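These notes concern the structure reproduced below.
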2 protein chains.
Amino acid sequence: MTSTVGLVERLTREIVDTIRSENLQPGQTLPSAKVLAARFEVTVPTVREALRRLEATGSVELKHGSGTYVREAINRRILDNPHYVPVDLAAAIELLDARIAIEPGIAGLAAAAQAPDAVASMESALDNALQVETAVPAGHFHVELARASGNRALHEMLVSLLAINSRTQQAARTSYDRLRDHDEHADILDAIRRGDGFEAAHRTRKHLEAIKAAVLADWADDTDQTGDAAIIEGSQR
Amino acid sequence: MTSTVGLVERLTREIVDTIRSENLQPGQTLPSAKVLAARFEVTVPTVREALRRLEATGSVELKHGSGTYVREAINRRILDNPHYVPVDLAAAIELLDARIAIEPGIAGLAAAAQAPDAVASMESALDNALQVETAVPAGHFHVELARASGNRALHEMLVSLLAINSRTQQAARTSYDRLRDHDEHADILDAIRRGDGFEAAHRTRKHLEAIKAAVLADWADDTDQTGDAAIIEGSQR
DNA sequence: TCACTCAAAGTGATTAGATGACTTAAACAC
DNA sequence: GTGTTTAAGTCATCTAATCACTTTGAGTGA
């Protein structure tokens, strides 16, 4: 009758508790698997199974020959599924639709929050945009925008959406004009600086809708006269 | 120079690919660990580590003595961190703020979508509300609302937010009036049926703000005259 | 003294085989 | 038929050992 929780699941939880109670920060190393095995009175393979679980969610990283490191995601609530195999255009459009639904509200919050350091991060993100597109890390304008909202859950949601999108083929080929992108970002940031939440939300929405249109246009160019536009329609309903 | 991807990570991906290519649906069983080990030419412990990773993200479930089962989350893009240790009121308020930021937009989409079956699901969710609160499964009104938006990413985001919230202490004690909850849900559904997205969004926002106020009031009652309202202020900035 | 080499120690990665515990379903007795 | 028992299949965990990678620092040479 004892609800079998499973040794590995319990062990996983104990390791997380250890990380928290000892206040281990991302980048620091955990004790070796051998030591953990001794401390929790289990064997090494069992510890490894627990660490693999934590690895899957980005809470820790197992570096061969080096050690087990705490990672950022241990403090995240919302994650992107690392095992998801995505990828058609419809999925990419769906992600953009989701962003259109939530980012305007985030921009509004950012304008209301008026956190000075967050605004600074967005400014530097504006410049970084000239660089090569990084995967989806910090420094991305929209991510910094979400961070500026002051709401960690919203920030993590946007990070997740962008992470998923980065795995899409469409992500690389989006030929949205770099300069136009920069200008529109600047406009959004401007509205936020003025504390004009309504305008910030509006410009964010327009910006994303423009990107969506560009992606659809790109796709139309590639497939040219192949007439299966049903995919697009299906994703817009 | 070969980017060491790690055997387990590669194996994890191969198992996912197998599930997809063989079109295994949630509820169905995977081959036994022994068989998988033979098929991919690795040993059983290695297979188990890969399965533990998939287990962490809810893609599979390992049932002792029974088998390894495919689970729903294998098709999800957005997940809640299963290893997150949650907690205080500020976090609960932050989650509600996030919902206030995104759910009105979702309600607007739902009104525009006008999917008949989705509306039916919301109707039945209305009645289920009289039952005991389930964990965070389907059947929850707000979850069905998100499903009705037609956007899977948004739906999964809301499921994740509610899943996290359910782990909060505050979740259980929220004494938001059951009847009032039901009535406000009915109002939202009514606006969606009429296709009035603006009104649906507005009512959803008001509804969530009322819940937030109730949570804060509850907390104020409990702590009574303990004057550390700084926690609340901090979450509202 | 400085820089380079390289050997050793520590750590994770993977393998191998064995035992225990649980679930399920078929075989059996009633 | 019904209920119990048995057996096979499966995951759970352990023990033990070998391999591979990383880091460090001692040693060597310039």
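Just so it is clear, the values below take in all heavy atoms, side chains as well, and ignore hydrogens, waters and symmetry mates. Residue numbers start from 1 in every chain, and the chains themselves are labelled A, B, ... in the order their sequence lines are given, proteins ahead of strands. Computed from a predicted structure; not experimentally measured.
For B:Glu72, the side-chain contact (heavy atoms from CB on, under 4.5 Å) criterion is met by B:Pro26, not counting sequence neighbours. A search for side-chain contact (heavy atoms from CB on, under 4.5 Å) contacts involving B:Ala56 returns A:Arg53, A:Ala56, A:Thr57, B:His83, not counting sequence neighbours. Scored by the side-chain contact (heavy atoms from CB on, under 4.5 Å) test, B:Ala101 finds A:Leu109, A:Leu154 as partners (sequence neighbours excluded). For A:Arg152, the salt bridge (Lys or Arg N to Asp or Glu O under 4.0 Å) partners at least two apart in sequence or on another chain are B:Glu94. For B:Lys34, the side-chain contact (heavy atoms from CB on, under 4.5 Å) partners two or more places apart in sequence, or in a different chain, are B:Ser32. With sequence neighbours excluded, the residues that form a salt bridge (Lys or Arg N to Asp or Glu O under 4.0 Å) with A:Glu22 are A:Arg39. Every salt bridge (Lys or Arg N to Asp or Glu O under 4.0 Å) that A:Glu49 has, sequence neighbours left out, goes to B:Arg48, B:Arg52. Taking A:Glu184 as the reference, A:Arg180 meet the salt bridge (Lys or Arg N to Asp or Glu O under 4.0 Å) condition, with sequence neighbours excluded.
Applying a 4.0 Å cut-off to non-hydrogen atoms, none of the residues of residues 30-39 of chain A approaches DNA chain D. Looking at residues 11-25 of chain B, you'll see that no heavy atom sits under 4.0 Å from any atom of DNA chain C.
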Close N/O contacts between protein and nucleotides 14-16 of chain C (under 3.5 Å):
from, atom 1, to, atom 2, distance (Å)
C:dT14, OP1, B:Leu7, N, 3.0
C:dT15, OP2, B:Thr43, N, 3.3
C:dT15, OP2, B:Thr43, OG1, 3.1
C:dT15, OP2, B:Thr46, OG1, 2.7

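The base of C:dA13 lies outside donor-acceptor range of the side chain of A:His64, with no N or O pair under 3.5 Å.
Judged by distance alone, the side chains of B:Ser160 and A:Arg77 never bring a donor and an acceptor atom under 3.5 Å apart.
Across the protein-nucleic acid pair, A:Tyr69 atom OH and D:dT22 atom P stand 10 Å apart, rounded to whole Å. One can place CG of B:Leu62 at 14 Å from C1' of C:dT23, the figure rounded to the nearest angstrom.
Legend: salt bridge (Lys or Arg N to Asp or Glu O under 4.0 Å) pairs involving residues 5-18 of chain B, not counting sequence neighbours: none detected.
Closest to the B:Ser66 side chain, of the nucleotides D:dA20, D:dC11, C:dT24, is C:dT24.
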